There are 2 protein chains.
Amino acid sequence: MTGTAIKNWQSVQQEVLNRINSRVWKPGELIPNEAELASEFGCARATVNRALQNLADSGLLERRRKAGTRVATHPVRKATLDIPVIRNEITGKGYSYRYALIKSETIVPPSDMVARMRLKPNEKCLHIIGLHMAHGEPYVFENRWININVVPDVFGVDFSEQSPNEWLVENIPFTSGDIAFSALTAGTFEAGMLSCKLGEGLFVIDRSTWKHEGAITSVRLVFAPGYRIHTEI
Amino acid sequence: MTGTAIKNWQSVQQEVLNRINSRVWKPGELIPNEAELASEFGCARATVNRALQNLADSGLLERRRKAGTRVATHPVRKATLDIPVIRNEITGKGYSYRYALIKSETIVPPSDMVARMRLKPNEKCLHIIGLHMAHGEPYVFENRWININVVPDVFGVDFSEQSPNEWLVENIPFTSGDIAFSALTAGTFEAGMLSCKLGEGLFVIDRSTWKHEGAITSVRLVFAPGYRIHTEI
């Protein structure tokens with residue numbers, strides 16, 4: 001390494017990672033500053049910055065302004081998950097895709113949903129239940145509330161043809177959102193929707209998206225038994 | 001914006017995001033190249049590159065060498081999850097933490113685990129079952145296999161004092177890993193470990209980590225009913 005100029009941020013990152021993993025730099029220890037590393041590696045300070053920031057984003061370094069950069073003592077590892085459009089997730093696995101609209105109604109949501117979407121009392125939403133099928137079998141159903149004041153265009157859409165999942169992704173950009181993963185026990189409704197046994201453990205994603213004007217939508221996705229999300233860490 | 005120099009990659013990213021969200025640049029459309037944007041924004045080309053790469057990493061742009069950068073038609077949103085040490089997750093929520101070793105044995109793992117960890121036939125592993133408690137209640141149990149050929153140091157550790165989750169994070173750096181999220185239906189074993197009802201839906205994390213020499217560990221974490229992982233998108 002010594003004497004060899006490191007050309008890009010990826011190779012700086014690899015070298016820093018090697019030093020962390022081989023304990024040249026130990027957990028909790030302060031590492032040299034950007035200028036020192038840039039000089040050692042023979043590269044621009046911005047290159048070192050990019051590498052260190054990336055490792056900090058992964059939880060392996062802790063950076064504090066003025067206090068410098070330390071090797072994380074308890075690294076909080078990060079996992080990045082892809083959240084694709086459901087049709088693409090299903091066809092990407094090589095299955096045929098079909099969508100069925102189960103229910104569409106304009107009503108006042110239950111109080112937990114009013115709170116989550118920060119709606120006014122008695123404000124109505126479009127409530128849609130739709131089933132996504134893979135190879136003719138239930139794959140996931142969506143139980144969705146759409147804020148008709150923020151997305152008035154929904155009334156021009158035929159949701160028996162196109163799922164709200166797809167229409168919203170393609171037409172209503174969001175500025176922020178949150179997502180939660182959990183499990184539930186299949187009751188009569190879930191078992192009926194997914195053709196599974198009562199009492200099966202099901203994987204659940206709750207997701208809400210926002211734009212400046214307010215909540216766009218909040219959806220619960222309940223997946224058929226056996227569903228897994230997988231990624232690298 | 002025009003005439004004002006954009007100083008850092010974050011402000012370039014914000015401006016690009018505004019143009020995507022306001023549909024100045026529409027889904028599927030080619031956007032100006034880095035040199036053009038750098039000239040428009042009055043900043044370095046590397047600054048534009050960093051901003052565009054970050055948006056590509058988030059799935060909002062699609063970048064292809066030579067073909068240029070397009071606004072993603074079907075953005076695959078990414079969610080980043082923190083994977084903390086369990087003790088820190090529990091104390092971070094304000095609960096007291098306690099750990100109990102339930103089982104420790106050195107045996108040949110079942111065949112699915114042999115395959116997942118790419119072990120030789122009849123190669124023994126350290127099998128540990130441990131329970132993590134929050135405020136005296138079961139929070140999650142770990143069902144873990146540790147590769148004793150890759151991590152021979154485990155035999156010096158008293159896992160009734162320290163959980164393998166913590167010991168491994170602090171002592172055995174890994175170079176790669178994978179993680180999966182799913183749900184299972186509580187059987188007699190899970191219900192007994194977590195003091196929950198038979199047939200409850202439980203959230204599950206399966207995780208394996210690797211170093212150059214081979215698999216370090218593979219663990220299944222089964223969480224008590226009601227557990228959620230939450231993040232921003």
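Hydrogens, waters and symmetry mates are skipped; everything else that's a heavy atom, side chains included, is used. Note that this is a predicted model, so its numbers are computed, not measured. Lettering of chains follows the sequences in order, A, B, ..., and the numbering in each one begins at 1.
Contact count against chain A (heavy-atom pairs under 4.5 Å) is highest for B/A183 among B/A183, B/S208, B/S176.
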All N/O donor-acceptor pairs, side-chain side in residues 219-227 of chain A, below 3.5 Å, sequence neighbours left out:
unit_1	atom_1	unit_2	atom_2	d
A/R220	NE	A/D206	OD1	2.8
A/R220	NH2	A/D206	OD2	3.0
A/Y227	OH	A/E89	OE2	2.7

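Rounded to the nearest 0.5 angstrom, A/Q53 CD and B/R50 CZ are separated by 6.0 Å.
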Next on the checklist: Does B/F181 form a side-chain contact (heavy atoms from CB on, under 4.5 Å) with A/L81? I'd like the steps, not just the answer.
Outcome noted: CA-CA 10 Å; B/F181 304 92; A/L81 298 173; 3.9 Å; yes

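There is no contact between A/N18 and chain B, counting heavy-atom distances below 4.5 Å. Looking at A/L202, the atoms closer than 4.5 Å to chain B (heavy atoms on both sides) all sit in the backbone: N, CA, C or O. With a 4.5 angstrom heavy-atom cutoff, B/R207 touches chain A only via side-chain atoms.
Contacts with chain B (heavy atom to heavy atom, under 4.5 Å) involve these residues of residues 184-195 of chain A, listed by number: A/L184, A/T185.
In terms of heavy-atom proximity, B/D178 sits nearest to A/I233 at N-CG1, 3.8 Å.
In the displayed structure, B/K93 atom NZ is contacted under 6.0 Å by more than 12 heavy atoms of other residues, nucleotides or ligands. Counting heavy-atom neighbours within 6.0 Å of A/R63 CZ, excluding the residue itself, gives a total above 12. Counting heavy-atom neighbours within 6.0 Å of B/Y95 OH, excluding the residue itself, gives a total of 12 or less.
Counting only heavy atoms from C-beta outward, the side chains of B/H230 and A/I179 never approach each other to under 4.5 Å.
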